[in-house]
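Please read the structure below before turning to the comments.
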Amino acid sequence: MKILVCISHVPDTTSKINFTDGDTKFDTNGVQFVINPNDEFGLTRAMWFKEKQGASVTVVNVGGAETEPTLRKALAIGADNAVRVNTEAKDGFQVAKELANVVKDGGYDLVIAGRESIDYNGGMVPGMLAELVGANFVTNCINLEIDGTNAKAVREIDGGKETVSTSLPLVIGGQKGLVEESDLRIPNMRGIMMARQKPLNVVEPVGAAVETASVKFEKPAPKGAVTLVSPDNLDELVSLLHNEAKVI
Amino acid sequence: MSVLVYTESENGSFKKTAFEVASYAKAVADQMGTTVTAVAINANDTSELGKYGVDKVLNISNDAFKNFNAKTYAAAIAQAAKKEEAKVVVVSQTADSKYLAPILAVSLEAGYASNVMEAPTSTSPFTVKRTAFTNKAFNVTTIDTEVKVVGVSNNSFGLVETSGSASSEDFSPSLPESGVSVESVDKATDKVTIADAEIVVSAGRGMKGPENWGMIEELADVLGAATACSKPVSDLGWRPHSEHVGQTGKPVASNLYIAIGISGAIQHLAGINASKVKVVINTDPEAPFFKAADYGVVGDAFEVVPQLIEKIKAFKAANA
Ligand SMILES: Cc1cc2nc3c(=O)[nH]c(=O)nc-3n(C[C@H](O)[C@H](O)[C@H](O)COP(=O)(O)OP(=O)(O)OC[C@H]3O[C@@H](n4cnc5c(N)ncnc54)[C@H](O)[C@@H]3O)c2cc1C
Ligand SMILES: Nc1ncnc2c1ncn2[C@@H]1O[C@H](COP(=O)(O)O)[C@@H](O)[C@H]1O
């Protein structure tokens, strides 16, 4: 089985979010970039398939050279090789089209992406990619088993979960549950050394059109201070929620 | 040329988000000088949509749509959009609509903006404001394709009633091979779910153990709210994983979010910040949640929550 794991390179959640150039660009100054958490669960599940069932694992990112340390980290965790599509990621559709080209070229059976990335939270790429390559698609995936070309997946739904059956080729939007947090791997010294030798192929983009364009960023208006209510005066809380906030 | 809106229903009744996206579609249609057409799938009474600005309903009633399937639903909506020559297609951001929207966008060759917070500030170029960086910022985005898909964040635009009425027309789209079939569903059917809830009552490690959740459920009950929890609580097995909210759990965009014994870590807030009004109950006045909340009670949940339940019961009785 050939598995492709899509990795988005995102600011760590605890990063301060600031903008430059008249609020048109994300300020990367002092920001720590990580593998998107949802993708880390997916990568670890891919390693499980490799070790238990035999599979090759390729990681891919659409982005500039600055994302290579993130791909190297994925290699150090255990992926066999990496592909970077050399273009700035500007919108979900453009990224999905570039990834579709990689999927077609490489003949992957299973593509593991994340439910959403924590930077733009688009939740767009995996579904678009599936539709572009004509693969089946399961999102919010919390468990995945593959038997030949048959797949069984569990997905989180509102208020519970559902089990679905489908088949390869398949794209999933994964999240925690694919593996547990305790299964996540921290690259060790040997992994890091080996990652340096593993192939990281830079491919040129097909030049997919960008269909949405970021004009500028805004920060939410600063929040007013919290209104404290004494625990001995909860009638006031009820009254505030009813009369002021109008939520009950 | 009309604006098309997918109005989601469950067991024959429209979800509240259906009326919200209909209201949104009406606002867009007014800006563009056109009408609103809704697609409804197996809904019992489509006339309700008229109240929220829908002029015409394409009514699909077919058992093949009984279970939600992203691909077949997206195909039906895409066919409706083509039939109506819609340039703008509006969907909600429920789990189902988030699942189908990217597929829909590809089949319409449309640019898609998700998590949109407000009506477009301009329709040419089509400019919307969406959340980014786990609600820590907004991104103003243009959609530059001829056909556009807009995903409207739940509880962001609100409901706008009009005096119109909607005509209804049967619509029978052709169905693609679905590729994914549901084998079994494991879901509590008698409870309000987080995604649909207007009010969410959420509790954290401050509750000490699963045996103390009775009062959390009771508070949710009197408010008609859904229950949720912080990540450690589901990791410890005190509550089911489907209740875990935050960056790695479910997103919450309710009108009211009540956090009990939750410290307010950045990863927790990332998933619930889109909620309108936040109330925190915590013994520690230094808990970071107080900085993110609108109302706060510094106190012991074991004393505050039972009293709050009584006060709300009294309030409900007085206002019934
Ligand atoms: C990559 C990553 C992703 C994460 N994703 C999530 C996520 O999606 N969701 C999430 O929730 N967390 C997430 N976390 C964990 C997060 O950082 C916090 O550890 C977690 O939210 C803390 O949960 P808590 O507030 O329930 O517990 P604690 O931090 O232990 O807080 C308990 C609170 O209860 C209060 N308390 C104690 N007794 C009482 C009482 N009797 N009455 C009232 N208050 C009381 C305490 O003062 C304290 O503030 C993530 C962490 C990482 C690293
Ligand atoms: N630039 C990118 N390169 C590779 N994969 C990506 C990229 N952007 C998004 N993805 C994948 O798509 C998932 C969902 O991202 P998004 O649609 O941006 O929320 C991520 O978790 C990744 O698996």
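Sequence lines set the chain letters: A, B, ... in the order given, protein chains first and strands last, and positions in each chain run from 1. Given the structure is predicted, the values throughout are model-derived calculations rather than measurements.
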- Query: Yes or no on side chain to side chain contact (heavy atoms under 4.5 Å, CB included) for B:E183 and A:K152, after CA distance, side-chain angles and deciding distance?
  - Reply: CA-CA 9 Å; B:E183 306 246 293; A:K152 190 172 262 201; 3.4 Å; yes
- When you check the side-chain N and O atoms of B:T145 and A:E211, is any donor under 3.5 Å from an acceptor?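 No, because no side-chain N or O of B:T145 sits under 3.5 Å from a partner of the opposite role on A:E211.
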With only heavy atoms counted, which part of [X] is less than 4.5 Å from chain A, the side chain, the backbone, both or neither?
X: B:Q93; result: neither
X: B:H244; result: side chain
X: B:A110; result: backbone
X: B:Y112; result: both
X: B:I281; result: neither
X: B:V192; result: neither
X: B:V277; result: side chain

- Query: Which word best sums up how the rings of A:F137 and B:Y99 line up, parallel for under 30°, tilted for 30 to 60°, or perpendicular for over 60°?
  - Reply: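 Taking B:Y99 first and then A:F137, their aromatic rings stand perpendicular (interplane angle over 60°).
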Given the options [options], which has more heavy-atom pairs under 4.5 Å with chain A than any of the others?
options: B:Q307, B:K291, B:Q247; result: B:Q247
options: B:N115, B:I103, B:L104, B:I312; result: B:I103
options: B:A292, B:G299, B:P240, B:A113; result: B:A292
options: B:S181, B:S254, B:S114; result: B:S181
options: B:S184, B:G249, B:S178, B:A265; result: B:S184
options: B:G179, B:A95, B:S107; result: B:G179

- Query: Hey, does A:V238 have a side-chain heavy atom less than 4.5 Å from the side chain of B:L308?
  - Reply: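 A side-chain contact exists here, since the closest heavy-atom pair is under 4.5 Å.
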Please classify the contact of [X] with chain B as side chain, backbone, both or neither, using a heavy-atom distance under 4.5 Å.
X: A:P220; result: both
X: A:K161; result: both
X: A:L241; result: side chain
X: A:P11; result: side chain
X: A:K176; result: side chain
X: A:Y120; result: both

Which one wins on heavy-atom pair count under 4.5 Å against chain B: [options]?
options: A:I118, A:L170, A:I142; answer: A:I118
options: A:V125, A:L237, A:D235; answer: A:D235
options: A:E244, A:Q175, A:K246; answer: A:E244
options: A:I248, A:T14, A:L132; answer: A:I248
options: A:G127, A:S239, A:S165, A:G159; answer: A:S165
options: A:T163, A:T166, A:V154, A:V247; answer: A:T163

For [X] against [Y], the heavy-atom pair lying closest together:
X: A:G122; Y: B:R130; value: CA-NH2, 3.8 Å
X: B:K187; Y: A:I157; value: CD-CD1, 4.1 Å
X: B:V304; Y: A:P231; value: CG2-CB, 4.0 Å

So, taking the atom named [atom1] in [X] and the one named [atom2] in [Y], what distance separates them when rounded to the nearest 0.5 Å?
X: A:I17; Y: B:T134; atom1: CD1; atom2: OG1; answer: 6.5 Å
X: B:K71; Y: A:E131; atom1: NZ; atom2: CD; answer: 5.5 Å
X: B:K311; Y: A:L234; atom1: NZ; atom2: CG; answer: 6.5 Å
X: A:N140; Y: B:D96; atom1: CG; atom2: CG; answer: 9.5 Å
X: B:F133; Y: A:F217; atom1: CZ; atom2: CZ; answer: 5.0 Å
X: A:H242; Y: B:K316; atom1: NE2; atom2: NZ; answer: 10.0 Å

Enclosure of [X] [atom1] (heavy-atom neighbours >12, cutoff 6.0 Å):
X: A:K216; atom1: NZ; value: no
X: A:D21; atom1: CG; value: yes
X: A:D147; atom1: CG; value: no
X: B:N319; atom1: CG; value: yes

- Begin from the C-alpha positions of A:E181 and B:D235 and carry the test side chain to side chain contact (heavy atoms under 4.5 Å, CB included) through to its verdict. CA-CA 9 Å; A:E181 225 145 78; B:D235 286 347; 4.3 Å; yes
- Message: With side chain to side chain contact (heavy atoms under 4.5 Å, CB included) as the criterion, how do B:T94 and A:D158 come out once you've worked through the C-alpha distance, each side chain's angles and the decisive distance to 0.1 Å?
- Response: CA-CA 9 Å; B:T94 62; A:D158 201 17; over 6 Å; no
- Message: Tell me if a side-chain donor or acceptor on A:K219 pairs with a main-chain N or O of B:K136 at a distance below 3.5 Å.
- Response: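 Looks like no, no N/O pair under 3.5 Å.
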- Message: Is it the case that the side chain of B:D294 and the backbone of A:V226 share a donor-acceptor pair, with hydrogens and angles ignored and the cut-off at 3.5 Å?
- Response: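 Side chain of B:D294 to backbone of A:V226: no pair is present.
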